[in-house]
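Presented below is the structure to which this report refers.
Please read these numbers as outputs of a predicted model, since none were measured by experiment. Proteins come first, then strands; the chains are lettered A, B, ... in the order of their sequence lines, and each starts at number 1.
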Amino acid sequence: MSAIASRGMKKPWARGLAAVLAAALLAGCASGGNEGGQSAGNQAADGQVVSAAQEGRRTKATVALASAVNVFAPYSKWNPYLGIQYAGVYERLAEREQFGSDSFQGVLMKSWEKVDDVTYDCVLYDYIVDSDGNPFTAEDVKFSVDKAHENGIADSKYIESIEVTEPYAFTMKLTDSGVGIFEMVCETCWMAARAAFEKSEADGSICAGTGPYVCVEFISGSSTQVEKRDDYWQTPELTAVTSRANVDVIVYNTVSETTQMAISTEDPAGTQICAWLNESIVEDARTIPGVTVESKESIQMKTIVFNASEYSACSSEALRKAICYATDNDALITGALSGIGYAPPTFGSPYAIGYNKAWESGDYYNYDIEKAKAMLAEAGIPEGTVLKFYGPAGAETEKTGSVLASCLAAIGLKLEVNAVEAATQSTYLNDLASGWDIFIAATTLKGPYLIQSYSYYCSSVGLNNQVNGAMWGVRDDDFENLVDKSNSKDGAQADLDAIHDYVVDNCYVYQWFSNYFTCSYVDAIKETVTNFKNNLVVGACEFSADYAYYE
Amino acid sequence: MIRYVFRRLALMIPIIIGVTVLVFTIIWFTPGDAAEVLAGNAPREQVEELRRLMGLDRPYIVQLGDYLYNVFIRHDFGKALVNKTSISADIVMRFPKSLIFAVFGILISVFAGIPLGVYAALHQNKTGDSLATAFSLLFVSTPGFWLALMLVLLFAYRLGWLPPYGMGGVEYWIMPVLANCFHGVAIITRQTRSSMLEVIRSDFVVMARSKGLSEGEVIVRHALPNALIPIIAVAGMNFGGMLGGGLIIEKVFSIPGIGNYLVTAVGQRDFTAVMGGVIITSLFFSLVMLAADLGMAFVDPRVKEQYSTARRRK
Amino acid sequence: MSQDTFLSVRGLTVEYVTKYETVQAVNGVCLDLSKGQTLGLVGETGAGKTTIARAVTRILQSPPAAVRGGEIFLDGVDLLKLPEREMCHMRGNRISMIFQDPMTALNPVMCVGNQIAEVIRKHDHVSAAAARQQAEMSLELVGIPAQRYGEYPHQFSGGMKQRVVIAAALACGPDLLLADEPTTALDVTIQAQMLDMMHRLHDLKETSTVIITHDMGVVAEMCDYVAVIYAGEIVEYGALEDVFDHAAHPYTVGLFAAIPSMWEDVARLTPIPGQPPDPTALPVGCKFSPRCAYMDGECGARPVEMKTVGPGHTCRCLR
């Protein structure tokens, strides 16, 4: 036998074997081990708990999420999917109970007292213990806030300092005396004990949190498993809504491909909750037996912002109004969102404190071609003028851009659609002379109070720097004064009404549409619960007695 | 020969440094940076402040020098600018997954492609050849993600044999690897077919037959080793393609690999993460090309001699 | 034509069929060879000599080549009717071939020793070590030191490569050796060495040999019998002296006439006028007739038979 040929045959086999072994090893490392454990099941105030006590098995919810979470650590840049996965593992100082509720409840804080505009004395519960057994004290609050500062978490910048006064009490000083700032920072800063964080840094494990769930496995970008712990520190009567643990085990899987998500919705036995569904698959999901499809309004409004500075044709108020009258919101929702969306009735988010339902009775530039043409004539803009439209890169910008283009074509204007990446967006928009006329901003609720969103987006601390003024590029001192007044402790509803009317009348921005966040879930889940940012909180959902999905 | 290997390994260092500098420069000149991404819609001073904190406002040479020093002297890839996670930890977690794709993809391509190509060459212009050629044309034109989704629909949804996505044991890897390697199979089949057709007409193949060897022995011991050289070269280059091209498969099957990581990092202008990914990818690609060259030397002693004596001739 | 003929070819016809045309390469060739004898097959390039040799070992490329008829008897067995597996047993073992171009006849990625050893292992079924030993002996036999067993073909010169080919061909002691222009690719001095060696081997092993060549000098040195081929037909056959001294066929005469004389001072060579016929469209009668000086009307009319012109000497000519 030729020696060379036989050597030549063996080598690929040897390589193949080595590779198979390596793969098996890696696969073994990847799948984590679960320790068994009996959970006695705890009662939440409403009594909707699925307990495995009957059969000795733990209940499990498998959730398919449309976007990946790459990091599981308490001081990370926030995104909605992160919020879903962290819920129940890490807690915050205080927050509004649920989406749309006005009452602000303490989660880690027992009580707080306003000393002056920027100072608050706060008291923690003194029996908080995280899943590693570390007690959570005021020192840990200070540590968490410092870490948030270090990582550049946006809202933490409003906290100027935390001063520890007693083991379980501290004084928080804010940088800004605006309305609702304190609530906002309490709501958005995740808390974790220093000991837990340092341990996770040292041995590369997941940082322990104070919530009722423990993260037992995290594969970055692929899946996360959290399990209920028996020793949650809070009493059932005082447990925050978002800290409920109604199911024993939750597994979050990343399913970023839309077709895969559609397949998951059709398999409720394998995946009990799917969030959030792309608009194109919602209709099909509705036809699946045993599955409920629910759409909730997003807290993000897609807003048209005009370049009202001298560099753009949109400095003409009549032109802006003409454009707003020409936009057919229904056509947009049907065309770009497959019908899964809604047109806000007025300027402002209905889920913020301060929203006045009376505003909805006015005409918010409802679709009216005749009025649009009249306004255009008044503006004196010649037919065939080209306007430049910018939006964040993605399919939605293309679709909405083309709908807007056809709306404007009906009144004789041309639209050029451009998409910009997130990394370069501010470069374009901060330069008012760069040529943009219209851009789409996804404006999110900034805090519990409407004035916070208004002041963030509509005043000089908004998107553009102070030289340029507000988001739309024009500085208006009267308007600034209105905003400042409303943001102070003297602010009244009338001030808020004034801001609202001012923006609507001048039409600097136009809230165009908003998405629905649609999720599908098995009928055995009676109701889903979302937190104040409208993120799903799986542990707090109401599971019916015949929820029968186990580990 | 050993000297040749050492020389190649030593050559890899300037290549990787060169790639690092090149990619760094490209990212540098691309508009936008990580501070903008992190700060979001913050006012200008905040973005500037963040930039200063992150060290992104220093001049090009300083940042480049600092980065090169950290990576090559201190062996510290640093932290991702946006996620603040340790890049080496990320890479250690993600890169092996992409590597598994590429390695198994190549192995399947080679072990499926070579026999198919040999078959096509032996049955040239007959039905067997037409079938094999049609198959490879089909595979090369089919988009990877479409194929992946079709596999998912068939095996996961209709038949329920395999899980549709995720990580875990061997069954989670079967479909992703298959979807990734079809293209490679097609390429290697075509290359094998044309190499074999050339070799089979050679005199030494006729001589081998005249020695009384069976057709199988002639093909395997005489024809194939001579046809292997271009095939090895093609397989080596294809490996690089599989390493990077696994991105789409990663997305469909929710496998956290290096492709996804790199694309997200580029969009976020997270240059430390991008550089980390690029360095490790180019390192492995160089190693694979070296392995391919060594493979060629192993198969063909003339190439081996070329490598060993190249220095001495000068 | 009798019992002790070892190799007997009867009416062999081979065509090369392509989409566009059919080449009639070998047309009804008949040959005989006795054991231990050497036959020289002489003819121009393209006359069909290699085709005959490859037809005997059945290594013709099957499309486009097609054996249309005939029988080849080796020691009584019709080779054309043997199943492939048995033919494999024959090749290398009882029938061997030496190829024309030594530069391409060896596998460049296999060491020369192994290329010899694999023949031995295939047919003699001995262990690798024993095969290696035998291969080394074969190498020594052709004049290559045994230490060069593990070297590769590109490390040898042309002449040495041809010796390796010969060693491989003779490794299993074949009964029939077909040498296809063994010296054509070599220069004259090496040629002489090669022929010496082949003489020695022939004396050692008593192999029946067919030497295909267009070099009359080689024929004169090596062969006992000569067959002259033209356009796929044997036009003259006989013992060496008969053909050389008493060439009967005009073509044969022309061949000898074309060899420049060593003693005369000739300004121009004397070639045979005309060109060989187009093998896709061969003339019906005598294939040489268009070039023959003695042609008359009858020659071109119908196929010509072999006529005996002397004891054991036949010629295909009407004269």
Under 3.5 Å, is there a donor-acceptor pair between the side chain of B:Ser254 and the main chain of A:Thr254? yes
When heavy-atom pairs shorter than 4.5 Å are enumerated against chain A, which of B:Val110, B:Leu149, B:Thr30, B:Leu224 gives the highest number? B:Leu149
Strictly distance-based, threshold 3.5 Å: is any side-chain N or O of A:Ser256 a donor or acceptor partner for the main-chain N or O of B:Lys251? yes
Rounded to the nearest 0.5 Å, what separation is found between the CD atom of A:Glu421 and the CD atom of B:Gln268? 10.5 Å
The interface call for B:Phe253 against chain A, heavy-atom contacts under 4.5 Å, is both
Of the non-hydrogen atoms in B:Pro164 and A:Gln260, which two are nearest, and what is the gap between them? O-NE2, 3.0 Å
Give, as side chain, backbone, both or neither, the part of A:Ser264 having an atom under 4.5 angstrom from any heavy atom of chain B. side chain
I need the residue from B:Asn260, B:Val252, B:Thr264, B:Leu153 with the largest number of non-hydrogen atom pairs under 4.5 Å to chain A. B:Val252
B:Ile255 side chain reached by A:Ser222 side chain, heavy atoms, under 4.5 Å: no
For B:Arg94 and A:Asn70, the nearest pair of non-hydrogen atoms, with its separation, is NH2-OD1, 3.1 Å
Side-chain H-bond candidate by donor/acceptor type, B:Tyr165 with A:Glu257, under 3.5 Å: no
May I ask you to check whether over 12 heavy atoms, not counting those of B:Trp161, lie within 6.0 Å of atom CH2? no
Interface check, chain B: of A:Ser220, A:Ser76, A:Ala68, A:Gly204, most non-hydrogen pairs under 4.5 Å belong to A:Ser220
